[in-house]
Amino acid sequence: MFVSHKLRKENIAEYLLYMWQVEDIIRAFDCYLPALRRNYLSTFDLSDDDREDLADWYSDLIRMMTEEGKREGGHLQINKVVMQNLVELHNQLLSSPKFPFYSAAYYKVLPYIVELRNKGDKDVNEIETCFDALYGVMLLRLRKQEVSEDTLSAIKEISTFIGTLSDYYKKDREEGLEFE
């Protein structure tokens with residue numbers, strides 16, 4: 001909760017990846033708050049009040065996952081909305097002649113996106129394909145599994161591109177972007 005609030009303000013891409021990880025952590029505890037409290041939340045160095053606030057936040061997420069049918073997989077609607085906002089911004093940036101740097105970054109990663117979509121879900125939009133790749137590599141690293149040099153090279157480019165989109169998202173929220 002504390003991390004998510006900070007990330008949402010500072011870096012929407014990191015926020016979204018973090019929230020996907022939170023969804024998976026909740027699933028790892030079978031969406032059961034007592035087990036999550038005992039085996040996960042208890043490991044954080046927090047005051048009792050902060051620990052209760054965090055438990056309440058996780059409880060709300062568990063409730064949402066249950067109500068939305070996301071206990072086994074998928075993403076919460078709150079996270080889907082963030083993704084849709086990023087996709088809409090991506091499309092606006094690409095269609096505007098005012099953002100050639102963004103377009104260049106996109107065309108630089110496009111071959112990776114095409115390759116990933118050919119290997120995976122072709123119906124997933126390009127931005128979510130990038131997030132899926134970033135999240136997948138993050139999980140491999142957490143599991144201390146090997147990641148090939150080619151994959152690391154692609155992830156570096158995708159990360160730079162998504163970072164650029166995230167920077168534009170923040171700027172649009174704080175100052176507003178002019179697309180025309």
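This structure is a prediction, so every number in the text was calculated from the model and none was measured. Computed over heavy atoms, backbone and side chain alike; hydrogens, waters and symmetry mates excluded. Just so you know, residue 1 is the first one in the sequence shown, and it goes up from there.
A salt bridge links Arg37 with Glu52: the closest approach of a Lys/Arg side-chain nitrogen to an acidic carboxylate oxygen falls below 4.0 angstrom. Using a 4.0 Å cut-off between charged side-chain N and carboxylate O, Glu72 and Arg27 make no salt bridge.
Side-chain contact between Gln21 and Leu142 is present, with heavy atoms from C-beta onward closer than 4.5 Å. Side-chain contact between Ile62 and Met65 is absent, with no heavy atoms from C-beta onward closer than 4.5 Å. Side-chain contact between Trp57 and Val22: present, with at least one pair of heavy atoms (C-beta onward) separated by less than 4.5 Å. A 4.5 Å side-chain heavy-atom check between Thr151 and Leu140 finds every atom pair outside the cut-off.
A pairwise comparison of heavy atoms in Leu33 and Ala55 identifies CD1-O, 3.9 Å as the closest pair.
A 6.0 Å sphere centred on CZ of Phe179 holds more than 12 heavy atoms belonging to other residues, nucleotides or ligands. The environment of CD in Glu174 is crowded: more than 12 heavy-atom neighbours from other residues, nucleotides or ligands sit within 6.0 Å.
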Exercise for the section: Take Ser159 and Leu134 through the side-chain contact (heavy atoms from CB on, under 4.5 Å) test and state the conclusion after the steps. Expected result: CA-CA 7 Å; Ser159 180; Leu134 293 170; 4.0 Å; yes
Problem - Chi angles and distances behind the salt bridge (charged side-chain N to carboxylate O under 4.0 Å, His left out) call for Lys170, Glu10 - result: CA-CA 7 Å; Lys170 183 177 180 183; Glu10 294 175 8; over 6 Å; no
Problem - side-chain contact (heavy atoms from CB on, under 4.5 Å) assessment of Tyr18 paired with Lys6 - result: CA-CA 11 Å; Tyr18 175 78; Lys6 182 179 179 211; over 6 Å; no
Exercise for the section: Take Phe99 and Gln92 through the test side-chain contact (heavy atoms from CB on, under 4.5 Å) and record every step on the way to the result. Expected result: CA-CA 9 Å; Phe99 303 95; Gln92 288 177 303; over 6 Å; no
Practice task
Please lay out, stage by stage, how Arg141 and Val137 fare under the test side-chain contact (heavy atoms from CB on, under 4.5 Å).
Solution key: CA-CA 6 Å; Arg141 287 179 171 157; Val137 168; 4.0 Å; yes
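Ring centroid separation for the pair His90 and Tyr168 does not come in under the 6.0 Å cut-off. Between Tyr112 and Phe161, the ring center distance fails the sub-6.0 Å criterion.
Side chain of Ser95 to main chain of Asn91: a donor-acceptor pair is present (N/O by atom type, distance under 3.5 Å, no hydrogens or angles). Listed for the Asn11 side chain is a donor-acceptor partner under 3.5 Å among the backbone atoms of Ala13. A donor-acceptor pair is defined here as one N or O able to donate and one able to accept, closer than 3.5 Å; such a pair exists between the side chain of Ser42 and the backbone of Arg38. Arg117 contributes a side-chain N or O that, together with a main-chain N or O of Val124, makes up a donor-acceptor pair within less than 3.5 Å. A distance-only check finds a donor-acceptor pair linking the side chain of Lys98 to the backbone of Glu180 [under 3.5 Å]. Under a 3.5 Å cut-off, the side chain of Thr164 and the backbone N or O of Thr160 do form a donor-acceptor pair. Between the side chain of Thr129 and the backbone N or O of Asn125, at least one donor-acceptor pair lies under 3.5 Å. A donor-acceptor pair is defined here as one N or O able to donate and one able to accept, closer than 3.5 Å; no such pair exists between the side chain of Gln77 and the backbone of Glu68. With hydrogens and angles ignored, the 3.5 Å screen pairs a side-chain donor or acceptor of Asn118 with a backbone N or O of Val114. Side-chain N or O atoms of Arg51 include one that pairs as donor or acceptor with a backbone N or O of Phe44 at under 3.5 Å.
Taking CG of Asp50 as the reference point, atom CG of Leu41 lies at 12.0 Å (rounded to 0.5 Å). In this structure, the separation between CG on Asp167 and CZ on Phe101 is 9.0 Å, given to the nearest 0.5 Å. The CG atom of Leu86 sits 11.0 Å away from the SG atom of Cys130 when rounded to the nearest 0.5 Å. Rounded to the nearest 0.5 Å, atoms CD1 (Ile155) and CE (Met138) are 11.5 Å apart. Between the CG atom in Leu54 and the OG atom in Ser59 there is a gap of 11.0 Å [rounded to 0.5 Å]. Here the CD1 atom belonging to Ile162 is positioned 12.0 Å from the CD1 atom belonging to Ile12, to the nearest 0.5 angstrom.
In summary, of the residues considered (Arg71, Lys70, His75), a side chain to side chain donor-acceptor pair (under 3.5 Å) with Glu23 occurs for His75 alone.
Residues Leu17 and Ile25 are members of one and the same hydrophobic cluster, defined by side-chain heavy-atom contacts under 4.5 angstrom among Ile, Leu, Val, Met, Phe, Trp and Tyr. Val81 and Tyr15 are members of different hydrophobic clusters when ILVMFWY side chains are connected at heavy-atom separations under 4.5 Å.
Figure legend: Arg173 and Tyr169 shown as a cation-pi pair, the cationic atom lying under 6.0 angstrom from the six-membered ring centre and within 45 degrees of its axis.
A perpendicular orientation is assigned to the rings of Tyr58 and Tyr40, their planes being inclined by more than 60° (bins at 30° and 60°).
Side chain to side chain, Tyr135 and Asp24 meet the donor-acceptor criterion of an N or O pair below 3.5 Å.
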